[in-house]
Amino acid sequence: MTTGNLNERIHEECGVFGIYNPGGEDAAGSVYYGLASLQHRGQESCGIAVFDTNGPKGNMNAHKGMGLVNEVFKEHTLKELHGNLGIGHVRYSTTGAADISNAQPLVLNYIKGTLALAHNGNLVNTEELRTELARTGAIFQTTTDSEIIAYEIARARVHTHSVEEAIARTAARLKGSYGLVIASARKLIGVRDPLGLRPLCLGKRENSYIIASESCALTAIGAEFLRDIRPGEIVTISPEGLSSNMDMYQEKHAHCIFEYIYFARLDSTIDGISVYKSRKRAGAALAKAYPAKADLVTGIPDSGITAARGYAEEAGLPFELAFYKNSYVGRTFIKPTQKERESSVRLKLSVLKDTVKGKDIILVDDSIVRGTTIASLIHLLKQAGAGKVHVRISSPPFLYPCYYGTDVPSGNQLLAASHTIGEICRMIGADSLGYMRVEDLSSTVDGLPLCKACFDSHYPIEGISPAG
């Protein structure tokens, strides 16, 4: 279950990447670039594990650390990771402490070999699985869902003929969200949860196959996007080629709406839907539902820019950049006091005064968590001479926690759960406030079946409710 850190942004999930080069060339460089393109999904830790499928069985090398991909991996590090089958992970924690012991990929040595696993998502039956494992004596304590999955696969492998069979048995027992890439000595395997909550796609570059959280990672290494891995599908890539197991497929799907609102990179396509187009549609829906008399439309960089363009086009208003984003502010900028937190906002974003002076503005962003950042930006706009500032948010109000891996705070920490829209409007200093309507979300993704439980409490897995 998510820990619910009360941060100003809804945090990213995790990113996974895997590649099998049957020609024998080292995989680590490709995994590095794939992970760098998925960095937006997690900045806490990262890791790479590689197997040499042409060498002794179980010949595996791994390296992981805390920080960004380019901080953890240097040229000499990558050169030491010899192996033509590799997987990687970038992490933002929703379960388990933020330390190196929980960095992935997880590597497990068991009676029939070695397994490396990278996981994006969150299970809702972790305690049940942990209790069962403890009864067998196989494990007494774990801290993450990912460890539970790895141990379950290793346990099943003892009684099965292949690693694919062990993974299939394990996946059938998992409840929750997961996009998995798993490497054994000879195979690369991808698994997607039956609801399709977490994204996973398949690509190809010459004779190599790639599995990744988002299509942007395929583009980063010059690979061709083949298709999305289907909900409930297990894909195996081996020396014999590509195979698929659809035994877990079901008709009911529930794709996470926040992939399209915020998580995914703008140039990705997920389940046939362009992230860029979905965000423009969200802006257009906002313009129809909540018009305002204004001189221009602007967005908060970077997350609000695309929706702002969609709003401006639909409303027939000019789109302008009102903020300059300082891209050189480090992610670890220290801000221990309220005054210094406010200073950090001004350091990251400064107002383009010539754009806003004397103008009434529609300001678009993707979400409001506690409201302090947007309140500071509205103050800066008015300080720079802006007239009215009408705020439009391209997601509905957050009212309920997420149990599937999105770090939405618990209900009592959510601003919208304890305040009316009018109260929030006054608290942030806006002249009006409009949120995306829940009923408009489907139109932004061409009717794709969605999980939007953090907005409407309709959890797609039975037994999950706001009360837990």
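As the structure is a computational prediction, the values presented were derived from the model and not from experiment.
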Practice problem: Would you mind reporting whether I211 and L200 have side-chain heavy atoms less than 4.5 Å apart? | Solution: yes
Self-check item: Backbone of I221 reached by a side-chain donor or acceptor of R205 within 3.5 Å
Solution: yes
Quiz item: Taking the inter-plane angle between the rings of F263 and F258 on a 0 to 90° scale, is it parallel (under 30°), tilted (30 to 60°) or perpendicular (over 60°)?
Solution: perpendicular
Quiz item: Is the count of non-hydrogen atoms from other residues, nucleotides or ligands lying under 6.0 Å from E75 atom CD greater than 12?
Solution: no
Quiz item: Once the angle between the rings of F73 and Y32 is folded into 0 to 90°, is it parallel (under 30°), tilted (30 to 60°) or perpendicular (over 60°)?
Solution: perpendicular
Quiz item: So, N326 versus S350: side-chain donor-acceptor pair below 3.5 Å or not?
Solution: no
Quiz prompt | Salt bridge present between K280 and E313 (N-O < 4.0 angstrom) | solution = yes
Practice problem: Compare all side-chain heavy atoms of L78 with those of I48 and state whether any distance is below 4.5 angstrom. | Solution: yes
Quiz item: If you look at every heavy atom in S278 and V445, which pair is closest and at what distance?
Solution: CB-CG1, 4.3 Å
Quiz item: Charged N to carboxylate O below 4.0 Å: is that the case for R173 and E152?
Solution: yes
Quiz item: Going by an N to O cut-off under 4.0 Å, is there a salt bridge joining D302 and K325?
Solution: yes
Quiz prompt | Flag, side chain of R392 to backbone of Y290, donor-acceptor distance under 3.5 Å | solution = yes
Quiz item: Which residue pairs satisfy the salt bridge (charged side-chain N to carboxylate O under 4.0 Å, His left out) criterion with at least one member in residues 426-441, sequence neighbours excluded?
Solution: K382-D431, R437-E439, R437-D440
Quiz prompt | Side-chain (T269) to main-chain (G272) donor-acceptor, under 3.5 angstrom | solution = no
Quiz item: So, E233 and R192, do they make that salt bridge, N to O below 4.0 Å?
Solution: no
Quiz item: Is there a donor-acceptor pair under 3.5 Å between the side chain of S457 and the backbone N or O of A453?
Solution: no
Quiz prompt | Heavy-atom pair of closest approach, residues H63 and T77 | solution = CD2-CG2, 3.5 Å
Quiz item: Within the distance-only criterion (no hydrogens, no angle test), does the side chain of Q39 pair as donor or acceptor with the backbone N or O of G42 below 3.5 angstrom?
Solution: yes
Quiz item: Is there a side-chain contact between V351 and Y324, using heavy atoms and a 4.5 Å cut-off?
Solution: no
Quiz prompt | Under 3.5 Å donor-acceptor, T298 side chain and A322 backbone | solution = yes
Quiz prompt | Check: L441 main-chain N/O paired with R281 side-chain donor or acceptor under 3.5 Å | solution = no
Quiz item: Where do F17 and L35 come nearest, in terms of heavy atoms and distance?
Solution: CB-CD2, 4.1 Å
Quiz item: Can you check whether L380's main-chain N or O pairs, donor with acceptor, with Q383's side chain at less than 3.5 Å?
Solution: no
Quiz item: Got a second to check how far R41's CZ is from E214's CD, nearest 0.5 Å?
Solution: 4.5 Å
Quiz item: Does Q104 use its side chain to pair, donor to acceptor, with the backbone of H119 at less than 3.5 Å?
Solution: yes
Practice problem: Could you check whether the rings of Y459 and Y403 sit parallel, tilted or perpendicular, using 30° and 60° as the cut-offs? | Solution: tilted
Self-check item: Flag side-chain contact, heavy atom, 4.5 Å: D193 against R198
Solution: yes
Quiz prompt | Donor-acceptor contact present, side-chain R279 to main-chain Y260, <3.5 Å | solution = yes
